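First comes the structure, then the notes that go with it.
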Number of protein chains: 4
Amino acid sequence: MSDDRRTRGTDRTQAIMRTTLELAQEFGYAKLSIEAVAARAGVGKHTVYRRWPSKGALFLDAVLTSGGPGLDYPDTGDLVADLRQQIRAAVDLLGRPPLGPLYQALVGEAQHDPRIAAALNERFIRPQADRTVARLRKAQQQGQLSAEFDLDLAMAILSGPLYFRLLITQEPLTHEYVERLLNALLAGMAPRP
Amino acid sequence: MSDDRRTRGTDRTQAIMRTTLELAQEFGYAKLSIEAVAARAGVGKHTVYRRWPSKGALFLDAVLTSGGPGLDYPDTGDLVADLRQQIRAAVDLLGRPPLGPLYQALVGEAQHDPRIAAALNERFIRPQADRTVARLRKAQQQGQLSAEFDLDLAMAILSGPLYFRLLITQEPLTHEYVERLLNALLAGMAPRP
Amino acid sequence: MSDDRRTRGTDRTQAIMRTTLELAQEFGYAKLSIEAVAARAGVGKHTVYRRWPSKGALFLDAVLTSGGPGLDYPDTGDLVADLRQQIRAAVDLLGRPPLGPLYQALVGEAQHDPRIAAALNERFIRPQADRTVARLRKAQQQGQLSAEFDLDLAMAILSGPLYFRLLITQEPLTHEYVERLLNALLAGMAPRP
Amino acid sequence: MSDDRRTRGTDRTQAIMRTTLELAQEFGYAKLSIEAVAARAGVGKHTVYRRWPSKGALFLDAVLTSGGPGLDYPDTGDLVADLRQQIRAAVDLLGRPPLGPLYQALVGEAQHDPRIAAALNERFIRPQADRTVARLRKAQQQGQLSAEFDLDLAMAILSGPLYFRLLITQEPLTHEYVERLLNALLAGMAPRP
DNA sequence: TATTAAACGAGACGGTACGTCGCGTCTTGGT
DNA sequence: ACCAAGACGCGACGTACCGTCTCGTTTAATA
């Protein structure tokens, strides 16, 4: 009847995921523990385990659920402008705090647990890729993109360097970097005749 | 006295790293523990901790040390041929068993521990990048590469899509993929006039 | 509709107690849990808690209810013969499987929970003692028993050594032991003049 | 070097058993937990489990170790006087606080765990019985005891009624009760001729 | 007959404790 | 003097039950 009742009854799930993000932000994913999540969320450990099979699965859910509005593609007719805007949005969301370090940790966890990797792919990477490919296909049909370009490959080429920076060199992802990247990819590395 | 003695005496370090790789291959990095390494290596835990501050650091050392001959760049004068060969070598070494999963786990660990990330960069990523950039610069001077191309960026563009496949979509890295990638990057995405 | 239905409807109480004994016999009282009883009896936990406040209370009820015909005293006029027969009956019932181990566990539980001890006394020990004392009193009046003998004490003297065997040394209770015991108690330990 | 060092180094065992008795006295054996013992003793749970396989085994050790000087038999030449004194001592030690309730709980636990029962017998009951039987044998040789009396049985007859009071009716064990018991057992229940 | 209250199965829930594992530090005994 | 062996305090794991608490669903007794 009360708000408390409703909140607790219908969705402890939300509270647990919220707490998970809090603790991950405060102490880092590595020091996160289901024990601590349950304690701070005021919830029994079983209630967590009933919903998620592992710390990783909980974290995945928490991060992806918090993802907010998603990253929908604009379509202004100008491919480059649209790509620029979309990649900037992705970089702003996943490349810097508060979500950046969490996303980075999530990808890290995916390296240790194939179930996390699979879930991450299905729930985030692939949908995102599909949207990108769709936009690219349209551009290709309009002649804004080299006709013979493999679009799945294009997706990897656009994303890869950003992930390389995020995960490997771990330098900040700036709009300026996005800009240089787009220009380079469009032009190609071969010398101009 | 014996060979055994000398091995143990002079270089327990080697034995510990070897055991680390063994266990990581058998059970996966996630289930690796210093406890188990010390036990199987027939070594006191102290002896491990005296050499490495953490499981991650030990693993990093073990993986990088095992790296074999390194990935030196050929220089036949033909940039594309050299790139192809070098990337194929890298992919063959780090993109498939036995080393592939370990390298993947190592990059994963780097997401949780900045010290591992830093060490990985210094000891492997940067040197490798430097060699690549050097080769690219030479090619640029010879007009085999677009003059205005940012070479650091080129490095990211060449590596990124491979890491994307290794870490994110986790599909196998084939020579065929390398081929398509090289072609695409050289040509650029912009439509041919 | 079926027998099952009627049984469940009219007396879940019986079903729960029956299941309790089953499980206690299969796994031992120590591993008995209300959770398991409810599950096997096909009954909600609430239905158990509505009837008994604790595992111990349930077990007490189950054991005492299963007690069968009770241990009524014969009265043939011969005290020793009657005692012999009655004690043999008690020993056969409570001193050997299937009920023996359960009764033993019940007494054990009474050491940890005063409510169980009290209930055990009221529902089993005292009535049994009263019957014994009544029989002894009659014998005393008939001169078959030393006149000044404290009858409550007599009860303890008759029962005590049996419980000592059952609970402390945990050796089997045989008719032969009963025989020796009776002879000894009647004769007394003092040397014959 | 310090007292702390020595105490912790040589004998955590003592500290754990001491704490066990404390907690058992404060909250009762039923509410005792290894978790709580370890916490209050300032000791890891593992350190407890390394020494004792179960709460019961720990408790047994703690109770028996605390037993103090043991219950040695006097031998004044007068059997009845000696028995009286020895039984009084036992009753004073095990029949009243602080040790009484603990001993009662220990016997209770022995009903649920055969290993405890066995250990209790070997470490306390049997030695005590042996001493009693030895004293009785001597008395028998001196004609202070009926010649044909089975001495093992005598032990059970002397102890049984006391355990019956302690465990079953759970009434207090007084010197007066001991007195009546001794008199009755010596005289026997048969009517005086 | 229709209504209503109680009992019910099922099982989620906040807790406590279990017994285990591995951490990183510290101690001991043997060579 | 070094080192294997492993004890130690600690924290977290994942599990089992506790006793309480909703949920709809029978079931029975009343209106």
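The structure displayed is predicted, hence computed values, not measured ones. By convention in this document, chain letters (A, B, ...) are assigned in the order of the sequence lines, proteins followed by strands, and residues within each chain are numbered from 1.
Going from atom CZ of B:Phe59 over to atom C1' of E:dC23 covers 19 Å, rounded to whole Å. Taking atom CD1 of residue B:Ile16 and atom C1' of nucleotide F:dC3, one finds them 11 Å apart after rounding to whole Å. In this structure, A:Phe27 places its CZ atom 14 Å from C1' of F:dG11, rounding to the nearest Å. Going from atom NZ of D:Lys31 over to atom P of F:dC17 covers 21 Å, rounded to whole Å.
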Listing time: all N or O pairs from protein to nucleotides 18-21 of chain F that are below 3.5 Å?
| unit_1 | atom_1 | unit_2 | atom_2 | d |
| --- | --- | --- | --- | --- |
| F:dC18 | OP1 | C:Ile34 | N | 3.2 |
| F:dC18 | OP2 | C:Ile34 | N | 3.3 |
| F:dC18 | OP2 | C:Glu35 | N | 3.0 |
| F:dG19 | OP2 | C:Tyr49 | OH | 2.7 |
| F:dG19 | N7 | C:Lys45 | NZ | 3.3 |
| F:dG19 | O6 | C:Lys45 | NZ | 2.7 |
| F:dC21 | N4 | C:His46 | ND1 | 2.8 |

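Along DNA chain E, the nucleotide nearest C:Gly44 and the nucleotide nearest A:Ala41 are compared for position; the residue whose nucleotide lies closer to the 5' end is C:Gly44. Comparing B:Arg50 and D:Thr47, the nucleotide of DNA chain F nearest to each residue sits closer to the 5' end for B:Arg50.
Between D:Arg12 and F:dC8 there is a side-chain N or O to OP1 or OP2 distance below 4.0 Å. Taking only side-chain nitrogens and oxygens, C:Arg51 never comes nearer than 4.0 Å to OP1 or OP2 of E:dA7.
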- Message: Checking A:Arg12 against A:Thr47 for the side-chain hydrogen bond (donor to acceptor under 3.5 Å, both in side chains) test, could you report, in this order, the C-alpha distance in whole Å, the side-chain angles of both residues, the deciding distance, and whether it holds?
- Response: CA-CA 8 Å; A:Arg12 265 164 264 251; A:Thr47 302; 6.0 Å; no

- Intermediate values then yes/no, side chain to side chain contact (heavy atoms under 4.5 Å, CB included), B:Leu102 and B:Phe59: CA-CA 9 Å; B:Leu102 302 186; B:Phe59 185 63; 4.0 Å; yes

Sequence neighbours left out, cut at 3.5 Å: what donor-acceptor pairs do the side chains of residues 108-116 of chain A make with other protein atoms?
| unit_1 | atom_1 | unit_2 | atom_2 | d |
| --- | --- | --- | --- | --- |
| A:Glu109 | OE1 | A:Tyr29 | OH | 3.0 |
| A:Gln111 | OE1 | B:Gln104 | NE2 | 3.1 |
| A:Gln111 | NE2 | A:Val107 | O | 3.0 |
| A:Gln111 | NE2 | B:Leu167 | O | 2.9 |
| A:Asp113 | OD1 | A:Arg115 | N | 2.9 |
| A:Asp113 | OD2 | A:Arg115 | NH2 | 3.4 |

Side-chain atoms of residues 31-39 of chain C: list all donor-acceptor pairs with protein atoms under 3.5 Å, sequence neighbours left out, distances to 0.1 Å.
| unit_1 | atom_1 | unit_2 | atom_2 | d |
| --- | --- | --- | --- | --- |
| C:Ser33 | OG | C:Ala36 | N | 3.0 |
| C:Glu35 | OE1 | C:Lys45 | NZ | 3.4 |

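Panel note: side chain C:Ser66, backbone C:Val63; a donor-acceptor pair is recorded below 3.5 Å.
Of the charged side-chain nitrogens involved, at least one lies within less than 4.0 Å of a carboxylate oxygen, so that D:Asp61 and D:Arg123 count as a salt-bridged pair.
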